[in-house]
Number of protein chains: 2
Amino acid sequence: MRPSDLPEIRHLPLFRDMLQSNFEQLLQGAYAQNFPAGVELIRQGDPADFLHIVIEGAVELFAEWGEGACTMAIVQPIGTFILAACIKDAPYLMSARTLEKSRIIMVPAPDLRAVFRRDPEFAVSTITELAGCYRAVVRHAKGLKLRNSRERVAAYMVKHLRRAAPHMAFGLPVEKRVIASYLGMTPENLSRTLRQLEADGLRVSGTHVTVTDYDRLAAVARPDPLLDGPDP
Amino acid sequence: MRPSDLPEIRHLPLFRDMLQSNFEQLLQGAYAQNFPAGVELIRQGDPADFLHIVIEGAVELFAEWGEGACTMAIVQPIGTFILAACIKDAPYLMSARTLEKSRIIMVPAPDLRAVFRRDPEFAVSTITELAGCYRAVVRHAKGLKLRNSRERVAAYMVKHLRRAAPHMAFGLPVEKRVIASYLGMTPENLSRTLRQLEADGLRVSGTHVTVTDYDRLAAVARPDPLLDGPDP
DNA sequence: TCATATAATTGATAAATATCAATCAAATAA
DNA sequence: TTATTTGATTGATATTTATCAATTATATGA
């Protein structure tokens, strides 16, 4: 592990408040690894061995059932994934693969469980982190059930535009087929929907998104913090 | 609050391992209330004031957006809800209403946060509980994205049949329209799907469900612990 | 650079699902 | 009990979304 990785990790909400000695011990047993794009890091159903931290690159969490598969989330720096499986000492519910060249830190699950039993601050941070993850999935599920695909696409664009504020443009973080799967639709349907949304102030060319009429687009998306998350 | 409520609550995984003194203090500030059916206990967007514990009856967690609404979960005794919002001190993401005459215990959120900061066992239980909630929603979202409505209905029936094992029959716990909404479909579609599944060993008459051919039904549902939860 | 693979788009069509309206059944209250 | 409300079912139809096939664009590697 690079020494330069540590301060960044230390600043994550999950690790920010714990005792220095516990932090050091936790990352003692951890190790970093660089992966090319398209590597399967985790297979759903396997026992949870490591908490993963994405330092560079991007990781797709996806689910499979029979022939089908779908994207459940994208994790980008600096983010962690599958905390819940590690804590429950249960099988992973999702698989994970790198979308690009990525640098990942892996913290052994038993160390994690040991430390939050004796560091109350870390326990509180873990609780807060998990509560945040839970709420994120609830919002995702709400979007799937309450919005149709056109509304989900519009909401996705509005959400990313807000992050890019005050600009009225941003670049898509991942391939369109991944976005389509995340939004619970086919790539063909996404393609047609983007075309259709040109009448509502959205302009997508390749990976570049421009919003020409925010109000019109927002009228389709009807953004709501209870579905799209807090404003930032 | 009835004295007879306490032992039951004390046996919940969430409260089982904490110090008796902390348990007593936590429930000191709590109070129990009886509600008729159809009462809105919580409105999404409101600040999270209380952890709710269902002692008797049934509570529907639902989400609203614009004109639309959908059922997100059913909580039955003895279960808790909206732990995550209490912990994050954030607005509720879901509304809650009683589906039947229900007895609910309400624990003030600030007490909750205070106690898990000083009782490590309670912190660990909270972490485990939240991780479990998270995984439940992930499974629900996976089901919505990977299965079509026929498969979701079949899986719902298989899941409930397993709980009723070794019987090959059980009663629907809530109205069909609630089940339909939970499964992300219209009541009409559920009705037609149930009719269609008669060819696959499922027999539903009113609230009574009988499975005449488990293997055929399971062939439609393709049950999977990563979508349907652990076997019990 | 070109050749090749992969992703994105487009059109045609099919399947899934929702909507609307009418009826039927079941629960509930007077 | 009967009257009334509410939920469930059914049919007809519209809409949404997926599938399949072909083409175009874009990225990737020799």
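We name chains A, B, ... by the order of the sequence lines, and we start the count at 1 in each one. Every heavy atom of this structure was used, including side-chain atoms; hydrogens, water molecules and symmetry mates were not. For clarity, every value in this text was computed on a predicted model and none was experimentally measured.
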*Rounded interatomic separation in angstrom, taking CD from Q196(B) and C1' from dT17(C)*: 12 Å

*asked:* A side-chain contact here means heavy atoms from C-beta on lying under 4.5 Å apart; do T80(B) and V75(B) qualify?
replied: no

_Listed once per pair and sorted, the ring pair (Phe, Tyr, Trp, His ring centres under 6.0 Å) pairs that draw on residues 142-162 of chain B, sequence neighbours left out_ = Y156(B)-H160(B), H160(B)-F170(B)

*For Y92(A), what residues pass the ring-ring contact (aromatic ring centres under 6.0 Å, His included) criterion, not counting sequence neighbours?*
none

*asked:* Treating primed atoms plus P, OP1 and OP2 as sugar-phosphate and everything else as base, which nucleotides of nucleotides 8-22 of chain D get B, S or - for protein heavy atoms under 4.0 Å?
replied: SSBBB----SSBB--

*Over how many whole Å does the gap from E100(A) atom CD to dT28(D) atom C1' extend?*
16 Å

*Applying salt bridge (charged side-chain N to carboxylate O under 4.0 Å, His left out), which residue pairs with at least one partner in residues 211-227 of chain A are found, sequence neighbours left out?*
E151(A)-R222(A), D200(A)-R216(A)

*With sequence neighbours excluded, residues passing side-chain hydrogen bond (donor to acceptor under 3.5 Å, both in side chains) with Y214(B)*: R162(B)

*Which whole-number value in Å describes the distance from K101(B) NZ to dT28(C) P?*
14 Å

*Roughly how bent is the helix from dT1(C)-dA30(D) to dA30(C)-dT1(D) end to end, in steps of 10 degrees, with each end axis from five pairs?*
50°

_If we check side-chain hydrogen bond (donor to acceptor under 3.5 Å, both in side chains) with S95(A), which of these qualifies: R43(A), E40(A), E60(A), E64(A)?_
E64(A)

*So do L93(A) and R139(B) actually touch side chain to side chain, heavy atoms under 4.5 Å?*
yes

*Taking the inter-plane angle between the rings of Y31(A) and F50(A) on a 0 to 90° scale, is it parallel (under 30°), tilted (30 to 60°) or perpendicular (over 60°)?*
perpendicular

